[in-house]
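Below, chain A is the first sequence line, B the second, and so on; all start at residue 1. Source: prediction; values computed, not measured.
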Number of protein chains: 2
Amino acid sequence: MTALNDPHYKQRADLLKAMAHPSRLRMLAALEDGPLCVCDLQKIVGSDMSTVSKHLSVMRAAGLVSDQKRGLQVFYELRVPCIMRFFACMESVLNPNESDGEAVCTT
Amino acid sequence: MTALNDPHYKQRADLLKAMAHPSRLRMLAALEDGPLCVCDLQKIVGSDMSTVSKHLSVMRAAGLVSDQKRGLQVFYELRVPCIMRFFACMESVLNPNESDGEAVCTT
DNA sequence: GTCATCTTTGGCTATTCTACCAAATAACCA
DNA sequence: TGGTTATTTGGTAGAATAGCCAAAGATGAC
């Protein structure tokens, strides 16, 4: 069994990959304040609408967000409250000297 | 300012990307128990030595690991104690019903 | 029904990533 | 010095990803 086909690590890699894009991270951050429609997210990230839609479908496939249709619009909602911990943890990795890193990296 | 060229999100995306590969995750997990040389890691992930070396150089560039030469061997060491929090958080995302998720996702 | 709006999908190209092989480099030993 | 082992680097082919445009769906307004 190599690491490549171990489903345990494959699953985790897929989840990380679904987050590992500036626009997708920006969208996840925006969704922390509540659901947003695609047009809102499109304004926030500033890319083509079709590009935004594809990013969202990547994140939905990974289980990071869910979608719900309301009239013409489709609202996306964060499915992972834990995502803030991720960001806080990343922050402490990127800026290890900042004090708020302590609260997260206690191990 | 679009999300694409926002250095804040670019930086985070790069860090996630450096982790988003099954072999690299496997190596990070192995390094939690202490430094390992490339040959050890090569046995663990089961890929070609050159492939492993390139994975390590990706993680080193991202600041996830550091390297130190001892004789013929090069030992890699985890630079991010926080990495366990990442994994615990991912675990709770992937398996939201398991009890150990509670300890991490309290927000 | 037609029209307008919001979103997704298909197609295409360019870029990036990955893995293997072969060759080069580095360090130790005899 | 020459040989052996450990690691890195270069090259390359294939796969995956990203972005844009155009077209197609879906829904509501008229």
Side-chain angles (χ1 to χ4, degrees), chain A residues 1-6 9-28 30-31 35-62 64-77, chain B residues 1-6 9-28 30-31 35-62 64-77:
Chain A
M1 168 68 73
T2 67
L4 278 175
N5 46 26
D6 183 339
Y9 291 103
K10 169 99 172 58
Q11 196 182 19
R12 279 149 190 75
D14 287 342
L15 188 63
L16 288 172
K17 213 157 29 170
M19 290 193 282
H21 188 287
S23 297
R24 298 205 282 262
L25 287 177
R26 182 70 193 83
M27 288 194 263
L28 290 173
L31 289 171
L36 291 171
C37 68
V38 183
C39 51
D40 289 334
L41 292 165
Q42 191 263 320
K43 284 170 204 142
I44 289 170
V45 303
S47 300
D48 190 87
M49 175 73 88
S50 67
T51 300
V52 172
S53 177
K54 282 177 184 174
H55 279 312
L56 286 166
S57 105
V58 167
M59 292 197 288
R60 184 183 44 206
L64 291 168
V65 298
S66 60
D67 62 332
Q68 188 190 1
K69 188 139 195 169
R70 296 187 210 164
L72 277 180
Q73 299 174 317
V74 178
F75 280 79
Y76 280 82
E77 183 176 8
Chain B
M1 168 69 73
T2 68
L4 277 174
N5 45 28
D6 183 338
Y9 291 102
K10 170 100 174 56
Q11 195 182 21
R12 278 150 191 74
D14 287 342
L15 187 63
L16 288 171
K17 210 155 35 168
M19 290 193 282
H21 188 287
S23 296
R24 298 203 283 261
L25 288 176
R26 181 71 192 82
M27 287 193 265
L28 290 173
L31 290 172
L36 292 171
C37 68
V38 183
C39 52
D40 289 334
L41 293 165
Q42 191 261 322
K43 283 170 205 142
I44 289 171
V45 303
S47 301
D48 190 86
M49 174 74 89
S50 66
T51 301
V52 172
S53 178
K54 281 176 183 172
H55 279 311
L56 287 166
S57 103
V58 168
M59 293 197 288
R60 184 183 45 205
L64 291 168
V65 298
S66 60
D67 62 332
Q68 187 190 3
K69 187 138 195 169
R70 298 187 211 162
L72 276 180
Q73 298 175 317
V74 177
F75 280 78
Y76 280 82
E77 183 175 8

Checklist entry - Can you tell me how far P of D:dA18 sits from OH of B:Y9, to the nearest Å? => result 18 Å

Item to check | Nearest-angstrom distance from the residue atom NE2 of A:H21 to P of D:dA16 | outcome: 18 Å

Item to check | N or O in side chain of B:H55 less than 4.0 angstrom from C:dC17 OP1/OP2 | outcome: no

Next on the checklist: What is the separation between atom CZ on B:F75 and atom C1' on C:dA27, rounded to the nearest whole Å?
Outcome noted: 14 Å

Item to check | Test item: A:R12 side-chain N/O and B:R26 main-chain N/O as donor-acceptor pair under 3.5 Å | outcome: no

Give me, pair by pair, the N or O atoms of the protein and of nucleotides 26-28 of chain D that are less than 3.5 Å apart, along with how far apart they are.
none

Checklist entry - Within this structure, what is the CG-to-C1' distance between A:L16 and D:dA16, rounded to whole angstrom? => result 17 Å

Checklist outcome for this item: Sorted by chain and number, sequence neighbours left out, side chain to side chain donor-acceptor pair (under 3.5 Å) with A:S57 holds for none

Next on the checklist: Using a 4.0 Å heavy-atom cut-off to protein, can you give one letter per nucleotide of nucleotides 8-13 of chain C, 5' to 3': B if the base is in contact, S if only the sugar-phosphate is, - if neither?
Outcome noted: BBBB--

Next on the checklist: Quick one: does any side-chain atom of B:Q42 pair with a main-chain N or O of B:S47 as donor and acceptor, under 3.5 Å?
Outcome noted: yes

Checklist entry - Quick one: B:M19 CE to C:dT18 P, roughly how many Å, whole number? => result 14 Å

Item to check | Separation of atom CE in A:M59 from atom C1' in C:dT7, rounded to whole Å | outcome: 15 Å

